[in-house]
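Here is the structure we will look at, set down as structure tokens.
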Protein chains: 2
Amino acid sequence: MASIREVAKLAQVAPSTVSRALNSSGYVAEETREKIKAAVAELDYVPNQWIRNLYRQSTGIIGVVAPGLIHPFFSSLWNHLELELRKFGYNMMLCSTGGDEQREREYLDTLERNLFDGVIDGAAVLPDENYAKLEKPIVFLDRIVPGIPVVSSDHRQGGELAAKKFLECGCRKVLHTVGDRQYRLQSHEGDDALDRYLQEHGVETIREEVSWDDTTDYASCYKLTKKLLTAHPDVDGVLASDLQAAAFLKAAASLGIDMPGKLNIIAYDGTFVTDFNSTTPTAIVQDVRTIARQTVAVLLKRINGQQLAQDQIVVPITLVEGETTNRTSFKAK
Amino acid sequence: MASIREVAKLAQVAPSTVSRALNSSGYVAEETREKIKAAVAELDYVPNQWIRNLYRQSTGIIGVVAPGLIHPFFSSLWNHLELELRKFGYNMMLCSTGGDEQREREYLDTLERNLFDGVIDGAAVLPDENYAKLEKPIVFLDRIVPGIPVVSSDHRQGGELAAKKFLECGCRKVLHTVGDRQYRLQSHEGDDALDRYLQEHGVETIREEVSWDDTTDYASCYKLTKKLLTAHPDVDGVLASDLQAAAFLKAAASLGIDMPGKLNIIAYDGTFVTDFNSTTPTAIVQDVRTIARQTVAVLLKRINGQQLAQDQIVVPITLVEGETTNRTSFKAK
DNA sequence: ATGAAAGCGCTAACAG
DNA sequence: CTGTTAGCGCTTTCAT
């Protein structure tokens with residue numbers, strides 16, 4: 001790896017002149033420029049970007065903290081984030097915590113101590129105070145902490161869309177799986193909205209708290225869903241994330257439950273995995289691309305020191321009708 | 001961000017002493033150590049890791065070049081790679097090329113010019129000569145280039161396992177999808193082995209070349225498989241990657257083809273997505289975890305300047321019997 | 001238009 | 001045991 005000094009020596013100029021020529025900053029005589037160009041070619045000189053970063057105090061790398069890479073919703077989110085960051089000349093360092101506190105802490109530490117330009121935390125599971133001392137521009141996904149910008153789907157809308165669909169289908173008892181409630185997440189709004197709306201309309205709801213494994217690992221999902229369907233035989237509506245919904249579908253079939261006659265299932269997320277099923281589920285679809293776009297937009301504003309109009313950004317969500325909910329409802333009249 | 005000099009000043013010692021105290025390299029009097037500790041605490045000093053890297057000429061970050069993050073086989077591979085790298089104290093920077101040459105080139109360039117400790121390229125689609133000048137320790141996945149270590153599944157074994165199964169099922173005409181053949185990939189061995197074995201036993205085979213999209217995007221998969229099944233109505237065996245296999249299954253069902261009576265399907269990869277189907281496919285399962293482990297092992301050897309026993313490492317592969325191949329074959333007698 | 005010199009924040013070699 | 005000095009590879013004044 002040739003250094004700038006070697007180039008300078010060969011071109012018989014000072015290192016600073018080479019620097020200027022290469023960055024086209026400041027004046028360099030055409031003749032000198034030529035000599036330098038020749039020397040660069042001869043030595044196959046490539047400036048060490050790392051060192052440049054040292055001066056610029058920036059690397060063009062954004063750290064992304066993820067709970068996992070396999071879950072279809074997240075893998076597709078990271079994919080879109082990468083594309084979006086690339087658009088603005090940034091690279092992405094992807095860190096996966098597996099939902100573990102300690103690992104998140106370690107990663108945040110690494111990201112803080114290195115010259116990363118910013119952080120996107122999609123796996124924030126630490127108490128609020130841990131985030132207070134972070135100096136880097138940061139954006140959260142879903143997790144709400146005062147003073148930190150957060151991007152997420154409009155889960156309240158998602159919950160309501162699902163609730164309305166269940167009502168249309170004439171459901172009387174709806175079960176939905178919810179995550180841990182220890183910290184404030186935007187997605188909790190969805191659970192609350194669902195319950196509120198359904199209960200206002202006289203429909204019973206059951207919340208079933210599930211672990212991260214139960215939403216990520218299909219085998220766990222399947223075991224869980226079978227258990228739930230057995231424990232609550234009178235449930236006629238289910239809202240659960242894609243994988244779980246797929247598992248519910250399979251489990252219900254194996255239990256001989258008539259669908260969608262006796263059981264309406266709505267999948268939350270609407271990633272590509274729902275396509276596999278022989279029956280296409282009705283799904284609440286998150287707009288991953290827009291989430292990625294907004295997240296990057298917010299982060300860049302932070303990096304450039306601009307003010308944000310709002311700390312919380314919610315992205316609209318849609319319901320896509322499939323075959324797992326009753327079409328012959330009174331809505332269709 | 002306090003610097004080491006500020007700490008030194010506050011503790012009334014030289015920066016180098018602080019450095020020694022913090023790295024516990026060299027002698028520091030207990031008393032001095034205390035003073036320094038106090039100063040560090042007072043200023044909330046955190047050493048700038050980035051700068052340290054400059055001296056160590058290493059960052060602890062490995063660049064991973066991926067064709068994509070969504071495809072289940074890859075997302076699970078990146079996940080395991082991350083875990084494995086973490087085990088050895090490394091972080092992973094994940095770059096996704098979408099299979100694009102230009103993007104691979106750009107990423108390799110970035111990785112070379114920055115202080116990454118090594119590169120794992122799972123999306124190598126450039127002509128061989130592009131890799132000759134790479135100076136960083138590198139490992140390829142699947143792609144074979146002389147002089148560069150490569151890790152992959154034992155696809156030859158995979159091809160043969162599939163072939164034997166098709167024979168057992170009494171297939172007479174087997175279709176399999178293959179990728180681009182422009183460069184040498186270990187996975188081509190699988191296609192070749194399948195053809196060879198089947199043809200030796202008098203079974204006709206059809207290769208169908210497919211694009212990256214046709215293996216990644218489910219909608220594309222489905223369109224493709226429907227077309228193929230219509231074009232080759234007499235095919236009684238199909239080998240295709242998970243997503244495609246799922247699509248074949250759905251397409252065949254929609255065309256009213258009797259399965260597995262008239263059509264035996266084997267899914268290649270065996271990722272979690274195959275679980276979703278109401279029918280569990282027979283699958284050739286890649287051992288992602290071992291691939292990840294071997295890849296990291298090879299890379300670390302390279303980083304530490306150790307010799308490799310061999311340039312090509314192949315990881316055993318297995319066939320898992322499912323419901324999409326005929327069990328009542330003459331093997332069962 | 002060019003070069004010398006200072007410095008980014010830290011470490012390592014060497015005196016003392 | 002501790003401080004001084006030099007330097008990682010580059011950029012950026014500031015003279016000339």
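Sequence lines set the chain letters: A, B, ... in the order given, protein chains first and strands last, and positions in each chain run from 1. The figures here come from the full heavy-atom set of this structure, side chains too, leaving out hydrogens, waters and symmetry mates.
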Mind calculating the distance between CG (B:Asn114) and P (D:dC10) to the nearest angstrom? 13 Å
Taken to the nearest 0.5 Å, the spacing of A:Asp100 CG from A:Tyr107 OH works out to 10.5 Å
Rounded to the nearest 0.5 Å, what separation is found between the NE2 atom of A:His188 and the CZ atom of A:Arg181? 5.0 Å
Residue-level proximity of residues 25-42 of chain A to DNA chain C when a heavy atom falls under 4.0 Å: A:Tyr27, A:Val28, A:Ala29, A:Thr32
Any donor-acceptor pair under 3.5 Å linking the side-chain atoms of A:Ser153 with those of A:Gln286? yes
Give a yes/no answer on whether the side chain of B:Arg5 brings an N or O atom under 4.0 Å of OP1 or OP2 in C:dC8. yes
Nearest 0.5 Å, please: how far is CG in A:Leu299 from CG in A:Leu308? 10.0 Å
Atom-to-atom span, CD1 of B:Ile4 to C1' of C:dT11 - whole angstrom: 8 Å
Could you state the atom-to-atom distance from CG of A:Asn48 to C1' of D:dC8 in whole Å? 10 Å
Less than 3.5 Å apart, any donor N or O on the side chain of B:Asp142 or B:Ser187 sitting next to an acceptor on the other? yes
B:Arg20 or B:Tyr45, whichever maps to the more 5' nucleotide of DNA chain C: B:Tyr45
Roughly how many Å is it from CG in A:Asn23 to P in D:dC10, rounded to a whole number? 11 Å
Just by modelled atom types, is the B:Ala21 backbone N or O under 3.5 Å from a matching donor or acceptor in the B:Ser24 side chain? no
Closer than 4.0 Å, any side-chain N/O of B:Arg52 to the OP1 or OP2 of C:dT11? yes
Could you tell me the separation between the CH2 atom of A:Trp50 and the C1' atom of D:dC10, rounded to a whole number of Å? 15 Å
Pull out every residue in residues 9-19 of chain A that has a heavy atom closer than 4.0 Å to any atom of DNA chain D, ordered by number, or say none. A:Ser16, A:Ser19
Within this structure, what is the CD1-to-C1' distance between B:Ile51 and D:dC8, rounded to whole angstrom? 10 Å
On the six-membered ring of B:Tyr183, is B:Arg143 placed so that its NZ or CZ lies under 6.0 angstrom from the centre and within 45° of the ring axis? yes
Classify the ring geometry between A:Trp212 and A:Phe74 as parallel (under 30°), tilted (30 to 60°) or perpendicular (over 60°). tilted
Between CD1 on residue A:Ile36 and CD on residue A:Gln12, distance to nearest 0.5 Å: 11.5 Å
